[in-house]
Amino acid sequence: MTPIEYIPLITKKYNMKIPVEQIVYFHQQSRKLKIVTDERTYEYYGKLETLTPRLDKRFYAAMQSITINLDKVVRMEDQAIYFDNGETIFLGRCNYIKAKQSYAAWLRQLI
C-alpha cells in the first residue's frame, strides 16, 4: 500500500482534506478520533486502526490510542513528548521508553 498524502475529513460541519505533513498526532478517544495539526484540532467519528496501515514511517504508535508524527517532535524527556506546535503528551514509563528509542533511531537515520 502506498502512503496517503491527505486524510479526508467528512463531518456535518465541513468536508475537507488534511495534509499528512501537517499532522502532529492522532488520539483515539472512544469512538472519536482527534487529529492534532500544526494549526488546529479536528474531531470526527472514526478509527485510528483504519488509518495507521496507510501512514508512512514517520508515524509511530506511542500507545494503542496515540500515534505521533516523529517529524513534529522537538524533544522527549521525563516521560513527556514535546511537539513543535507547543502540544505536550505524557506517556507511561514502558511506552515512553519504547517511544524514546524509536525517536532516537529516527534521528539517527536523518544524519
Side-chain angles (χ1 to χ4, degrees):
M1 250 194 258
T2 57
I4 53 177
E5 295 181 37
Y6 297 96
I7 303 292
L9 190 60
I10 302 166
T11 69
K12 287 182 182 180
K13 289 184 179 180
Y14 42 75
N15 294 338
M16 61 184 298
K17 55 186 182 177
I18 302 171
V20 171
E21 72 266 357
Q22 291 182 6
I23 296 171
V24 178
Y25 67 88
F26 298 95
H27 186 190
Q28 185 76 54
Q29 296 175 308
S30 201
R31 292 181 13 214
K32 283 194 172 185
L33 180 62
K34 181 163 70 168
I35 302 173
V36 178
T37 68
D38 294 329
E39 297 167 5
R40 65 183 281 204
T41 300
Y42 302 93
E43 284 188 6
Y44 74 104
Y45 290 98
K47 293 198 179 270
L48 182 57
E49 61 200 31
T50 61
L51 293 177
T52 48
R54 301 289 312 271
L55 298 172
D56 56 32
K57 294 177 185 175
R58 67 185 148 184
F59 288 92
Y60 172 74
M63 294 173 46
Q64 186 175 1
S65 63
I66 296 177
T67 298
I68 62 173
N69 182 346
L70 294 172
D71 275 347
K72 301 290 184 175
V73 175
V74 174
R75 73 180 193 279
M76 292 185 176
E77 65 179 303
D78 300 327
Q79 292 182 242
I81 302 174
Y82 299 90
F83 296 98
D84 59 5
N85 71 340
E87 294 264 345
T88 304
I89 59 172
F90 295 90
L91 300 176
R93 186 173 174 272
C94 291
N95 287 328
Y96 175 74
I97 290 169
K98 291 175 188 174
K100 190 174 174 189
Q101 290 169 347
S102 293
Y103 185 54
W106 176 257
L107 290 175
R108 280 190 211 98
Q109 64 99 23
L110 294 177
I111 298 172

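The CZ atom of Arg58 lies 12.0 Å from the CG atom of Leu110; values are rounded to the nearest 0.5 Å. The line from CE of Met63 to CD of Gln28 is 12.0 Å long, rounded to the nearest 0.5 Å. To the nearest 0.5 Å, the span separating CZ on Phe26 from NZ on Lys47 amounts to 15.5 Å. The line from CD1 of Ile4 to CG of Leu55 is 5.5 Å long, rounded to the nearest 0.5 Å. The line from CD of Gln22 to CD1 of Ile35 is 11.5 Å long, rounded to the nearest 0.5 Å. Taking SG of Cys94 as the reference point, atom CD of Gln79 lies at 9.5 Å (rounded to 0.5 Å).
For the pair Ile68 and Ile89, the minimum side-chain heavy-atom distance is below 4.5 Å. Between Val20 and Phe59 there is a side-chain heavy-atom pair separated by less than 4.5 Å. Here the side chains of Phe83 and Asn69 are not in contact, with every heavy-atom distance at 4.5 Å or above. Considering only heavy atoms from C-beta on, Tyr42 comes within 4.5 Å of Thr37 through its side chain.
Among pairs with a residue in residues 93-102, none fulfils salt bridge (charged side-chain N to carboxylate O under 4.0 Å, His left out), at least two apart in sequence or across chains. Residues in residues 72-85 take part in these salt bridge (charged side-chain N to carboxylate O under 4.0 Å, His left out) pairs, two or more places apart or across chains: Asp38-Lys72, Arg75-Glu77. Residues in residues 4-31 take part in no salt bridge (charged side-chain N to carboxylate O under 4.0 Å, His left out) pair, two or more places apart or across chains.
Hydrophobic clustering, with ILVMFWY side chains joined whenever heavy atoms are under 4.5 angstrom apart, groups Ile18 together with Tyr14. Connection of Met16 to Ile23 is established within a shared hydrophobic cluster, with ILVMFWY side chains joined at heavy-atom distances below 4.5 Å, either directly or through further cluster members. In the hydrophobic cluster analysis, where Ile, Leu, Val, Met, Phe, Trp and Tyr join through side-chain heavy atoms closer than 4.5 angstrom, Ile7 is grouped apart from Leu70. Hydrophobic clustering, with ILVMFWY side chains joined whenever heavy atoms are under 4.5 angstrom apart, keeps Tyr6 apart from Leu48.
Closest approach of Ala99 to Leu91, counting heavy atoms only: CB-CD1, 4.0 Å. Ala61 and Thr67 get closest at one heavy-atom pair: CA-OG1, 3.9 Å. Closest approach of Thr88 and Ala80 over heavy atoms only: CG2-CB, 4.0 Å.
Using modelled atom types, no side-chain atom of Glu87 and backbone atom of Ile81 make a donor-acceptor pair closer than 3.5 Å. No donor-acceptor pair under 3.5 Å is formed between the side chain of Glu43 and the backbone N or O of Lys34. Remark: the backbone N or O of Leu33 is not paired with any side-chain donor or acceptor of Gln29 at under 3.5 angstrom.
Across Tyr103, Tyr60, Tyr82, a single residue satisfies side-chain contact (heavy atoms from CB on, under 4.5 Å) together with Val73, and that is Tyr103.
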